[in-house]
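Each ligand, and each atom within it, is numbered from 1 in the order the structure gives.
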Amino acid sequence: MHILIHGGAGRMRSMGSHLEQQYRDGLRAACAHGAAVLRGGGTAGDAATAATVWMEDSGVFNAGLGSCLTYDGAVEMDAAVMEKGRRFGAVAAVNGVANPVLLARAVVEQTPHALLAGPGATAFARAQGFHFRDGFPSKARKATWRARRDELDAGRLEEGLAALGGVLGTPDEGAEIAALRGAGDEGSAGPDAKHDGEPMTDGDTVGAVALDSRGDCAGAVSTGGIWMKLPGRVGDCPLPGAGIWTAPGGEGAAVATGTGESLLRTLISKEVVDRMAQRGAQGGCATAIAFLEAEEGDNVGGVIGVTREGFGWALNTRGMGRAVWADGMDEPAVAVWPDEPWDRPVPGA
Ligand code: ASP
């Protein structure tokens with residue numbers, strides 16, 4: 001059994017050392033949550049969903065409570081789950097519901113459909129008695145939106161439309177990140193970054209893939225999308241093959257993060273699963289990212305994948321927070337930067 005999660009690729013620009021610590025703590029806690037589900041006999045889909053729910057509730061990531069806002073200041077979230085047998089459920093541009101990933105599961109489990117979008121998805125959530133957040137989006141997210149909207153309207157935010165693909169920041173970020181990495185620890189959030197109040201950081205989209213004790217792989221993803229996206233914009237996340245894919249026989253699963261438009265054009269998650277079948281988990285992820293880069297350029301995204309034999313990840317952005325737990329580990333290991341080793345020994349890594 002193993003579970004690998006990510007906290008989004010690329011957007012490391014605003015991350016100071018204490019925010020980075022919150023992000024790392026959040027990844028470890030979410031992964032531990034998913035691992036506990038696996039150890040308790042849950043399915044890979046249960047575990048990936050549980051880790052994703054944790055991240056949606058944390059406020060640390062761009063999903064659920066921490067979702068970014070559209071140009072109009074609204075929350076429009078996308079989420080999906082996929083298990084073996086092409087069991088795929090998704091929601092797109094859904095508003096207000098606390099846990100879009102659970103709604104995606106309800107779509108596959110309780111309707112004849114695969115994907116519900118917009119007001120229809122939100123109405124389905126209400127009819128099913130899903131929890132809606134009060135005071136959502138938060139004052140903090142609204143304040144960030146106001147500032148970004150002013151910048152965008154003044155033509156300063158990553159030169160307008162570039163910002164709409166701009167979850168990934170600019171090429172000059174490398175130096176900034178190096179400076180951040182060199183900065184001291186100015187106050188960690190402590191071992192448990194989860195909280196019920198305001199979002200704490202500007203973390204990114206989340207996803208999880210897992211292998212359960214039955215030998216089945218599955219995945220889950222959730223996102224607020226990208227800051228200042230046009231209302232109605234849907235990224236890769238809720239589209240099968242793009243943001244998420246699980247092999248029909250359950251022998252592999254992958255999820256993606258980054259600029260959704262590039263990821264959906266390349267069907268990158270299916271690409272990962274297909275390549276993992278030929279080259280193993282790490283080789284499959286690496287060759288899929290090489291393909292993504294050849295098709296869409298540098299600084300586009302990252303992927304994580306699991307097979308029955310192992311797990312892999314790859315990215316062509318400045319960073320991608322990730323955490324892994326495998327049989328034999330006491331607690332998950334975490335890494336953020338491309339060349340960073342896991343911070344704990346990982347069997348098989
Ligand atoms: N892929 C997401 C989207 O484009 C964003 C992200 O992964 O950060 O909606």
Participant: Would the Phe61 and Tyr23 ring centres measure less than 6.0 Å apart?
Facilitator: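 So the answer is yes for these two rings.
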Participant: Given salt bridge (Lys or Arg N to Asp or Glu O under 4.0 Å), test Lys84 with Asp212 step by step and report yes or no.
Facilitator: CA-CA 12 Å; Lys84 75 170 182 181; Asp212 62 30; over 6 Å; no
Participant: Where does the angle between the aromatic ring planes of Phe311 and His2 fall among parallel (under 30°), tilted (30 to 60°) and perpendicular (over 60°)?
Facilitator: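 Ring orientation, 0 to 90° scale: perpendicular.
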Participant: Quick check on Gly258 - does any of its heavy atoms sit under 4.0 Å from an atom of ligand 1?
Facilitator: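 Judged by the 4.0 Å heavy-atom criterion, Gly258 does count as contacting ligand 1.
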Participant: Just checking, Arg322 and Trp342: is the charged tip under 6.0 Å from the six-membered ring centre and within 45° of the axis?
Facilitator: yes
Participant: Please say whether Gly260 places an N or O atom under 3.5 Å from an N or O atom belonging to ligand 1.
Facilitator: yes
Participant: Should you measure from each heavy atom of Gly225, which atoms of ligand 1 turn up under 4.0 Å away?
Facilitator: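 Listed by number with element: 5 (C), 9 (O).
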Participant: Could you say whether the N/O atoms of Thr205 and ligand 1 ever approach to under 3.5 Å?
Facilitator: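 Yes; at least one N/O pair falls below 3.5 Å.
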Participant: Could you tell me, atom by atom, which parts of ligand 1 come under 4.0 Å of a heavy atom of Asp204?
Facilitator: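 Answer, ordered by atom number: 6 (C), 8 (O).
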Participant: Is Val97 reachable from Leu115 through a run of I, L, V, M, F, W or Y residues, each pair having side-chain heavy atoms under 4.5 Å apart?
Facilitator: no
Participant: For atom 3 (C) of ligand 1, state which one of Arg233, Glu76, Met77, His6 supplies the nearest heavy atom.
Facilitator: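 That would be Arg233.
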Participant: Establish, yes or no, whether the cationic atom of Arg148 lies under 6.0 Å from the six-membered ring centre of Tyr71 and within 45° of the ring axis.
Facilitator: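 Not flagged: Arg148 not positioned over aromatic ring of Tyr71.
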Participant: Give the atoms of ligand 1, by number and element, whose distance to some non-hydrogen atom of Thr257 is under 4.0 Å.
Facilitator: 6 (C), 7 (O), 8 (O)
Participant: Please list, in number order, the atoms of ligand 1 under 4.0 Å from a heavy atom of Asp236.
Facilitator: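 Numbered from 1, ligand 1 contributes 1 (N), 2 (C), 3 (C), 4 (O).
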